[in-house]
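Shown next, in structure tokens, is the structure this report addresses.
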Amino acid sequence: NLDYLNSLKKYLLNLKSLKISRCDLFFEKEKWFKVPPQLKELDLSFNQISSLGFIDVNLEMKLEVLDLSSNLLKELPYYFYKLKNLKKLI
């Protein structure tokens with residue numbers, strides 16, 4: 001799951017929007033997903049995500065829209081609220 005996504009990172013260097021919706025995606029413990037720093041929109045809606053503790057984010061990243069709707073989340077890590085460019089959190 002995450003191994004495949006991370007293996008694609010060299011192809012994602014200019015990517016501005018990424019939709020990984022309805023893929024039964026979940027984050028495994030001890031495996032990290034590094035969000036490409038130039039990404040402006042990330043849609044992870046309608047998956048099986050129960051924790052975001054394994055997403056590597058940079059507070060300076062360009063992410064403006066983050067859609068986490070219809071997942072199994074109960075709370076967000078505090079640093080998601082500190083993302084400087086985030087305008088819309090769904």
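Owing to the predicted nature of the structure, the values given are computational and were not obtained by experimental measurement. Hydrogens, waters and symmetry mates are skipped; everything else that's a heavy atom, side chains included, is used. Position 1 is the first residue of the sequence; numbering continues from there.
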Distance check, rounded to the nearest 0.5 Å: [X] atom [atom1] versus [Y] atom [atom2]?
X	Y	atom1	atom2	answer
L44	K19	CG	NZ	11.5 Å
K88	L66	NZ	CG	11.5 Å
L39	S17	CG	OG	6.5 Å
N47	S21	CG	OG	6.0 Å
K74	S51	NZ	OG	11.5 Å

**Prompt:** In terms of hydrophobic clustering (I, L, V, M, F, W, Y; side-chain heavy atoms under 4.5 Å; direct or indirect links), are I49 and L72 co-clustered?
**Reply:** no
**Joint cluster assignment, F46 & L89, ILVMFWY side-chain distance < 4.5 Å** = no
**Non-hydrogen side-chain atoms of K87 and V65 separated by less than 4.5 Å** = no
**Asked** Would you call L83 and M61 a side-chain contact if the rule is heavy atoms closer than 4.5 Å?
**Response** yes
**Donor-acceptor under 3.5 Å (Q38 side chain, L15 main chain)** = yes
**Item:** From I90, L42, L76, residue fulfilling side-chain contact (heavy atoms from CB on, under 4.5 Å) relative to L68
**Value:** L76
**Message:** Please tell me whether S45 and S70 have a donor and an acceptor in their side chains that are separated by less than 3.5 angstrom.
**Reply:** no
**Item:** K16 NZ: over 12 foreign heavy atoms closer than 6.0 Å
**Value:** yes
**Prompt:** If you take all heavy atoms of E64 and L86, which pair is closest and at what distance?
**Reply:** O-CD1, 3.5 Å
